[in-house]
Amino acid sequence: MPLSRREIRTRAVRFVKHWKEAANEEADAKPFWYEFFHIFGIRARTVGSYEVHVRKLDNALGKIDYFWPGLLLIEHKSRGRDLQKAAVQAADYLHGVKEHEKPRYIIVSDFTRFVLHDLEEGSEIELALEELPERIGLFDFIAGYEARPVREQDPVNIRAAELMGQLHDELKASGYAGKELEVYLVRLLFILFADDTGIFELDAFYNYIVDQTREDGTDLGPQLARLFQLLNTPPEKRQKNLDERLADFKYINGKLFAEPLPIADWNGGMRVTLLECASLNWSRISPAIFGALFQSAMDAKARRNLGAHYTSEANILKLIKPLFLDELWAEFEKVKGSKPKLDRFHKKLSELRFLDPACGCGNFLVITYRELRELEIAVITAQLKGQQVVDVDKLVLLNVDRFYGIEIEEFPAQIAQVALWLMDHQMNQRISAAFGEYMVRIPLRASATILCANALRTDWQSLLPDGERYDYILGNPPFIGSKLMTPEMRAAILRIFPGVNGAGTLDFVCGWYGLAVQYMKAQRVRPSEAEQRVRPSEAEQRVRPSEAEATRCAFVSTNSITQGEQVGALWGPLLAQGIKIHFAHRTFRWNNEARGVAAVHCVIIGFADHDTDKKHLFSYADERGEAEEQLVRNINPYLVDGPDVVIRSRSKPLCKVPEIGIGNKPIDGGNYLFTDEEKAAFIHLEPASKKYFRRWLGSDEFINGWHRWCLWLGEAAPGELRSMPEVMKRVEAVRRLRLESKSAPTRKLAETPTRFHVENMPKKEYLIIPEVSSERRPFIPIGFENPSTLASNLVKILPNASKYHFGILSSTMHNAWMRAVCGRLKSDYRYSKDIVYNNFPWPTNPTVAQQAAVEQAAQGVLDARAAHTTPVSSSAAENGRGASLADLYDPLTMPPNLVKAHAALDKAVDRCYRPQAFESDAKRVEYLFGLYEKYTAGLVGVKLTKKM
């Protein structure tokens with residue numbers, strides 16, 4: 001157990017007094033350092049060695065004056081020598097030190113001066129011998145007080161997970177597998193952590209393996225079984241003649257070592273792997289991320305890219321800060337000047353309860369607990385006001401027993417519980433460092449409640465003591481899209497959303513939203529049995545908790561639940577129950593910059609069954625960048641500042657505009673579709689077929705400017721068809737394809753093999769809108785096509801469209817609406833008829849002049865395009881047409897004249913809506929949602945001054 005700071009300082013004073021008199025040119029360094037370590041209650045020879053020989057970079061033999069593997073290297077010189085040269089000499093020794101034993105610190109000294117080098121931070125601090133008592137805190141890492149910063153990307157996290165994965169594979173290969181192996185490894189994880197963080201005497205486990213087991217590993221299994229049993233035995237029940245080398249292993253409790261396990265058979269290679277694990281510095285391991293790394297290390301494929309298999313702290317903080325942490329810190333700042341208010345606030349902190357109903361390895365709970373303990377340190381500091389700490393244990397009120405999780409897999413559930421214990425111990429070290437009194441909660445008397453169960457089939461309230469409730473529900477439920485769900489998953493969603501139209505389109509995460517809302521509503525109407533039995537009158541008063549007391553929730557989700565059809569299916573029922581969004585992070589990329597990992601586009605939504613006057617909306621100009629925070633009036637399900645409306649599928653346009661449709665759908669197996677080369681080869685074989693070829697456009701062909709052709713035979717005379725044998729082969733292939741289909745309507749189509757499943761062939765010029773377009777483009781490129789071109793079912797077509805329609809649909813106004821409400825294909829925009837187009841609020845009463853201005857500006861856009869799409873030189877002509885729409889609308893290559901033309905169009909379109917300019921897309925969308933609400937309420941009728 002570390003000495004108190006007061007005792008350490010007293011010893012430092014005595015040390016300085018002695019060595020001010022004793023230090024001279026003949027003085028011996030060993031007694032100096034022996035007494036130096038004694039200041040901290042450390043026996044130098046038990047943790048390190050004097051005069052350690054190593055090979056330097058030039059292969060010469062060097063001698064380290066003192067070496068504590070993994071922590072400290074000391075180079076000592078005679079009085080008055082150059083300490084800068086001494087530091088260079090010490091650094092040269094590092095070449096001969098094993099990688100896992102490289103120290104973090106170097107101390108060089110000449111009896112009268114110390115220079116402390118922190119190799120991780122790159123810092124260098126010099127102090128005189130006389131300054132030691134006042135600056136003794138610099139050496140907290142020796143005393144065991146130092147709370148070392150834990151870095152997410154610290155290589156030791158990855159290396160530890162790799163070694164544990166290797167150990168897993170070796171044990172599994174020996175026949176030790178299943179649940180027993182998982183529990184075995186979780187126990188080893190705890191022991192390794194305890195070996196380096198003060199729970200056990202430093203390196204007690206490492207030394208136990210080295211000293212008490214054979215090199216061939218044959219007795220390692222029984223020795224570990226004995227150790228597991230010992231860690232589950234209270235001191236008073238241990239044998240009196242217990243080997244003193246086992247006394248360093250404290251009673252752990254917490255049921256971690258209670259379950260009997262089969263004895264594992266080890267060999268020499270496996271023993272070496274375990275020793276390599278034990279030689280790492282586990283004090284640098286982050287419990288917040290190691291659980292996920294540990295779990296993925298058990299999978300050989302996942303192990304190849306371990307850096308991808310955890311949720312970064314930065315992403316977790318995006319959720320917990322606006323959910324509760326920022327508010328708690330603000331409250332602390334208000335009350336810290338008043339002792340009674342501060343005490344009440346401290347008590348409130350200690351009573352908060354948190355649930356993660358999809359907790360995995362517990363990273364959200366672990367980071368939440370850490371941040372609350374950091375806040376508690378600030379609270380205790382304010383409570384003490386500089387007073388001396390007598391018993392730090394009594395000052396700390398927060399513990400892990402207010403944390404709850406549900407996890408469907410047993411292994412991560414076990415890791416989550418252990419990770420919370422490990423974080424608790426790390427925070428106890430922080431407390432010890434902050435107040436100079438050692439604190440440790442061993443044996444474990446409190447534990448988190450982590451239930452291994454299906455969260456969508458579990459009563460969340462059942463984890464709690466009677467009469468209690470969760471203050472916050474949070475987490476990162478599974479990212480599984482509707483089309484990827486199993487039948488069991490889909491049944492669970494339909495059970496949670498009974499009778500909801502469109503529930504079959506909901507992603508799996510929506511189940512957690514539904515149950516969270518059910519929990520909130522239940523807390524509003526259900527007093528506990530204990531309240532009804534003991535205090536019936538008070539129970540009546542608590543039937544409806546205040547808004548400050550009501551449960552609040554936040555989940556990370558795929559952004560699809562704020563787009564397209566899912567919005568109506570999910571948020572329609574939630575809004576009807578009074579749910580309000582309190583904060584949200586709009587779409588950002590959820591990844592850890594690991595190689596080969598596909599980023600997921602996510603949102604974070606914080607909500608409750610009551611409103612708040614402070615709503616925070618976080619937006620990302622760059623999905624990989626930092627968020628810009630705004631205080632807004634309202635956040636609707638599309639995560640924009642607008643009224644709580646839900647855009648539902650609409651079969652007809654909201655306004656009096658032409659109806660939109662899809663293109664042609666052949667169901668031909670590709671038999672009627674040709675590239676330029678394929679078309680030429682086919683006509684060579686069948687010259688009479690030439691007149692039946694028509695240009696074919698889907699989204700890809702339209703945007704990227706490449707040619708495909710369709711053999712349209714729907715209006716060909718039977719005699720002409722029979723005169724073309726190669727054509728008849730294609731017709732027969734289509735007939736067979738349709739007959740072999742499992743779909744009855746498709747088999748019916750085999751009766752007319754020259755016709756398409758869907759035929760939409762306007763007789764006049766029409767407007768074409770790609771169904772899918774890149775998120776990078778500021779506008780979805782749309783354009784006019786002549787009737788000889790056939791559009792595929794991968795585009796939308798608008799017959800009878802005017803330049804006014806083209807102008808409105810090409811404007812930033814319409815594209816901002818599209819981005820807010822459309823669905824996505826991966827991250828690309830998916831333009832839909834029933835959601836995007838049919839619900840778009842067109843200008844209410846545009847004047848003739850306003851419509852004419854839009855048409856003129858629209859023509860300007862078409863002219864600007866034409867300047868680049870028409871070949872202007874012989875070389876351009878040789879390469880076919882000029883720039884494609886993909887070229888023209890790439891934000892990096894968009895021509896200046898086209899940018900200028902779109903700006904003029906936006907100005908004209910904006911004036912159709914209101915005289916004032918819109919300062920941003922967000923303001924445009926906010927306006928459009930308000931207009932949509934008026935249109936759907938029948939408060940405004942769209943009147944046109946001329947036919948659109």
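This is a predicted model, so every value here is computed, not measured. Position 1 is the first residue of the sequence, and the numbers go up from there.
Environment of CZ in R911: sparse, with no more than 12 heavy atoms of neighbouring residues, nucleotides or ligands closer than 6.0 Å. Crowding of Q856 atom CD: a count of heavy atoms from other residues, nucleotides or ligands under 6.0 Å not exceeding 12. At most 12 heavy atoms of other shown residues, nucleotides or ligands fall within 6.0 angstrom of atom NZ in K803. In the displayed structure, R722 atom CZ is contacted under 6.0 Å by at most 12 heavy atoms of other residues, nucleotides or ligands.
Residues P637 and L575 form a side-chain contact, since some pair of their non-hydrogen atoms from C-beta on lies under 4.5 Å apart. A 4.5 Å side-chain heavy-atom check between N559 and Q563 finds at least one atom pair inside the cut-off. Between F929 and N636, some side-chain heavy-atom pair lies under the 4.5 Å cut-off. In this structure, I808 and F840 have side chains that are in contact, with non-hydrogen atoms separated by less than 4.5 Å. For the pair H868/L898, no side-chain contact is recorded, criterion being any heavy-atom separation below 4.5 Å from C-beta on. Residues I647 and V567 fail the side-chain proximity criterion, which asks for heavy atoms closer than 4.5 Å. Looking at V509 and P478, their side chains never come closer than 4.5 Å, going by heavy atoms from C-beta outward. Looking at heavy atoms from C-beta onward, I797 lies in side-chain contact with P762 at the 4.5 angstrom threshold.
For the atom pair F806 CZ and L798 CG, the distance stands at 12.0 Å (nearest 0.5 Å). Rounded to the nearest 0.5 Å, atoms CD (E740) and CG (L737) are 7.0 Å apart. Here the CZ-CD1 distance, from R648 to I835, works out to 9.5 Å after rounding to the nearest 0.5 Å. For the atom pair CZ of R830 and OG of S773, the computed distance is 13.0 Å after rounding to the nearest 0.5 Å. Expressed to the nearest 0.5 Å, how far CZ of R924 lies from CG of L931 amounts to 14.5 Å.
A donor and an acceptor atom, one from each side chain of D668 and H757, are nowhere located under 3.5 Å apart. R865 and T869 form no side-chain donor-acceptor contact under 3.5 Å, judged by distance and modelled atom types alone. Between D644 and N634, the side chains place a donor N or O and an acceptor N or O closer than 3.5 Å (distance only, hydrogens not considered). A side-chain donor-acceptor contact under 3.5 Å links Y692 and E720. For the residue pair N815 and T812, no side-chain donor N or O sits within less than 3.5 Å of a side-chain acceptor on the partner.
Using a distance-only test at 3.5 Å, with no hydrogens or angles considered, no donor-acceptor pair links the side chain of E926 to the main chain of K923. In this structure a side-chain-to-backbone donor-acceptor pair under 3.5 Å is missing from N760 to N664. Not one N or O on the side chain of D828 forms a donor-acceptor pair closer than 3.5 Å with the backbone of V772. Judged by distance alone, with hydrogens and angles left aside, the side-chain atoms of S557 form no donor-acceptor pair with the main-chain N or O of V603 at under 3.5 Å. Formation of a donor-acceptor pair under 3.5 Å by the N838 side chain with backbone atoms of R650 is found in this model. In this structure, N704 contributes its side chain and W706 its backbone to no donor-acceptor pair below 3.5 Å. Counting only distance, with no hydrogens or angles, the side chain of T789 and the backbone of L697 share no donor-acceptor pair below 3.5 Å. In terms of modelled atom types and a separation under 3.5 Å, the side chain of Q566 and the main chain of D507 share a donor-acceptor contact. With hydrogens and angles disregarded, a donor-acceptor distance shorter than 3.5 Å links the side chain of T505 to the backbone of G502. Between the side chain of R490 and the backbone N or O of G504, at least one donor-acceptor pair lies under 3.5 Å.
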After noting the C-alpha distance and the side-chain angles of N786 and S788, does the key distance pass the side chain to side chain donor-acceptor pair (under 3.5 Å) rule?
CA-CA 6 Å; N786 62 59; S788 64; 2.3 Å; yes
Working for salt bridge (charged side-chain N to carboxylate O under 4.0 Å, His left out), residues R695 and E785
CA-CA 11 Å; R695 188 171 172 227; E785 286 295 333; 3.5 Å; yes
So S689 and E726, side-chain contact (heavy atoms from CB on, under 4.5 Å) or not? Walk me through it.
CA-CA 9 Å; S689 68; E726 293 300 323; over 6 Å; no
With salt bridge (charged side-chain N to carboxylate O under 4.0 Å, His left out) as the criterion, how do K679 and D676 come out once you've worked through the C-alpha distance, each side chain's angles and the decisive distance to 0.1 Å?
CA-CA 5 Å; K679 173 193 168 190; D676 284 339; over 6 Å; no
After noting the C-alpha distance and the side-chain angles of V640 and R586, does the key distance pass the side-chain contact (heavy atoms from CB on, under 4.5 Å) rule?
CA-CA 9 Å; V640 299; R586 303 185 74 189; 3.6 Å; yes
Hey, mind stepping through D906 and S811 against side chain to side chain donor-acceptor pair (under 3.5 Å) and telling me if it holds?
CA-CA 5 Å; D906 285 340; S811 69; 4.9 Å; no
Worked check of side-chain contact (heavy atoms from CB on, under 4.5 Å) between I605 and T562
CA-CA 10 Å; I605 302 176; T562 64; 3.8 Å; yes
Between D887 and S884, does a side chain to side chain donor-acceptor pair (under 3.5 Å) hold up when you go through it step by step?
CA-CA 5 Å; D887 299 326; S884 68; 3.1 Å; yes
Given N793 and V758, is the side-chain contact (heavy atoms from CB on, under 4.5 Å) satisfied, shown in steps?
CA-CA 8 Å; N793 62 305; V758 175; over 6 Å; no
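Of the charged side-chain nitrogens involved, at least one lies within less than 4.0 Å of a carboxylate oxygen, so that D890 and R776 count as a salt-bridged pair. Comment: R755 engages E759 in a salt bridge, judged by a side-chain N to carboxylate O separation of less than 4.0 angstrom. Using a 4.0 Å cut-off between charged nitrogen and carboxylate oxygen, R708 and D700 do not count as a salt-bridge pair. Ion pairing between K729 and E732 fails under the 4.0 Å rule for side-chain N and carboxylate O.
Relative orientation of the Y932 and W817 rings is tilted, given thresholds of 30° and 60° on the angle between their planes. Note on ring orientation: taking the six-membered ring where Trp is involved, the planes of F918 and Y913 are perpendicular (angle over 60°, cut-offs 30° and 60°).
Paired with V734 under the rule side-chain contact (heavy atoms from CB on, under 4.5 Å), one option of I667, T754, L713, N671 passes, and it is N671. No option in F508, F607, F497 other than F607 meets the ring pair (Phe, Tyr, Trp, His ring centres under 6.0 Å) test with Y513. Of the listed residues (Y672, W709, W712, F674), just one forms a ring pair (Phe, Tyr, Trp, His ring centres under 6.0 Å) with F693, and that residue is F674.
Aromatic ring centres of Y831 and H814: separated by under 6.0 Å. Here the two rings, on F588 and H601, have centers that are 6.0 Å apart or farther.
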